[in-house]
Amino acid sequence: MDIVSITNTVSYGDAASNHFIAMDQMLKGLGFKTALYANRIDPKLDYEVLPFAKFDPKTAKNIVFHFASGTSFVNEILKLPQDIILYYQNITPAEFFKGISWGTYRNTQKGRKQLLQLRAKTRFAWAASEYSRLELENNGFQDTSVIPIVVNLSDYKNIEANPQIYQEYKDDKTNLLFVGRIAPNKKHEDLIRLLYYYKNFISSEVRLILVGNPKASYVNKLKKLMEALQISGDVVMTGKVSFQDMCSYYKVADAFVCMSEHEGFLVPLVEAMNFRVPIFAFDSSAIPHTLGNSGVLFDEKDFGQIAHTIDYILQNKQIKSEILTAQDKRLGDFSQDRIAELLKQDIERYFIK
Amino acid sequence: MNVKINGVIVPELNRVVEQKKIAAQTGKEDKLRKLEYPLPVGIIQMIRFYYMGMRG
C-alpha cells in the first residue's frame, strides 16, 4: 500500500469520519493504492474501513494518523516501527469541560500530552486549519502544512428539504441557525443570550434553531438559562438529525450564527456557505481562517451590537449580497480539486515513493 | 467592538448599529439587567452569602 490512513474511531455522519473517508477517496483519485484502518468502526462503515487489529505495518509505505482526541489508542501508533504523517484536526482545551464533563476533561488533557508524544514519531504533519498548524509549529513540529477538512459538496446537491421542517419553520420569523455538537466550547449559552436580546429589543418574530448532538449536563444548564430568560419557546433544539433534515434546517435559515470559542475548522461554516446563508461569527480559534475574507466577524460579545448588526444586514439587500458573494468565492477554496492539488504538492515532497 | 465584514472593519456600519442599539435600549434597562443577571437577584444574593460563609 502506498498510503494507509488510521484513526481511532469512525462513526457514521460525523465530520471527522467523513473527512477521513473523503481524503482517502481523493488519494485514490490521485492514483495511490490506499487502505483505511480504525480501532473502533461503526457497523455502517465496516465495508470501507478495516479493523486496526488486522493491520500489518510491513504492508504500508506511508502511514497517515488522523488525530482529534486523547485516547489510549495513541500507544498503538507510538509502537509502530515506522514514522508517521500526522493529520491534526485540533483538540478542544480541557478547561471548557471543567465541572460539566470530567471524562471529556481528562481525555482532552490527555490528548494535548499525546500530541507532544507523537511529535518525535512524526515525519510531517498536516493541520485542518492555519490555527491548528500554528499550534503544531508552536509545539515543535518541524514540517507542517494545511489541508482543509474535505467536505464532499456534491452530497449536498439535489437534497430535497424535508417538507415538515420547511412548513414548520419557513415563515415570517427570522431563523437564526447554529449547527454543531451541543458542547461547552461552542457557547450555546451566548446564542441564547443573543436571542433574548434580539427578541426583547429588535423583534419578537425570531427563533433560534440549534442542530446537534446534545451533551446532557450542558443541555440542562442551557435549559435553565432559557427558562430564566423566558425564551424556551423560541429555541428549537433538534438533537442529532439525519443528513436530509440537517440540510433542511440550512434551507430555512436566515442567518448562521456562531459564538463558539474553540474550533479546529468548523465544517458547518462551509455548509452555510454552500447553502448561501450569511454567516455571523465570534472571532476565535480557526473561525477567521475558515471564513477567510468572507462573512461577518465580531471581536467581542456585545450581544446588543451583534443582534443589531445581524438585523441591519439581513434587511440591507446590498450588504447581504456582498457577503454571500464573498462566501461563494471562499467556498471555492474548499473544492475537492483545490484540496487535491494541495495534497499532491505535499505528497511529492514528504511521502516515500 | 469591531465588526469585520468580508475581512474589513466598516466603521460607518458600526456607528449606525451603535445608534440603533442606543435607541432600542432606551427605557428598557430592566430587560438589559436580565440579560446580564438571568437569575433572580434574590438567588444571586443567596449564592453570594453562601460563598462568603464558606470562606469564613
So, using side chain to side chain contact (heavy atoms under 4.5 Å, CB included) as the criterion, who are the partners of D333(A) when residues are at least two apart?
R330(A), R338(A)
Over-ring placement of K28(B) relative to F201(A), 6.0 Å and 45° cut-offs
yes
What one should report as the nearest heavy-atom pair of S294(A) and N6(B) is CA-OD1, 3.5 Å
Region of E227(A) that comes under 4.5 Å of a non-hydrogen atom in chain B
neither
Scored by heavy-atom pairs under 4.5 Å with chain A, the best of I5(B), V3(B), L35(B), N14(B) is L35(B)
Sort V16(B) into side chain, backbone, both or neither according to what part of it lies under 4.5 angstrom from a heavy atom of chain A.
side chain
Work out which heavy atom in Q305(A) is nearest to a heavy atom in E18(B); give both atom names and the distance.
OE1-OE1, 2.8 Å
Flag the one option from L32(B), I9(B), N2(B) with the top tally of heavy-atom pairs under 4.5 Å to chain A.
N2(B)
Would you check if M1(B) and I306(A) make a side-chain contact, meaning some heavy-atom pair closer than 4.5 Å?
yes
Looking only at heavy atoms, which two atoms of Y196(A) and K31(B) are closest? And how far apart?
OH-O, 2.8 Å
Please look at I192(A) and chain B and tell me whether the side chain, the backbone, both or neither of the residue comes under 4.5 angstrom of a heavy atom of that chain.
neither
If the threshold is 4.0 Å, N to carboxylate O, is there a salt bridge linking K21(B) and D302(A)?
yes
Side chain to side chain contact (heavy atoms under 4.5 Å, CB included) with K4(B): which of L291(A), N293(A), D299(A), L297(A)?
L297(A)
Heavy-atom pairs under 4.5 Å with chain B are the metric here; pick the option from A326(A), G295(A), G304(A) that has the most.
G295(A)
Of T309(A), V296(A), N316(A), which meets side chain to side chain contact (heavy atoms under 4.5 Å, CB included) against L13(B)?
T309(A)
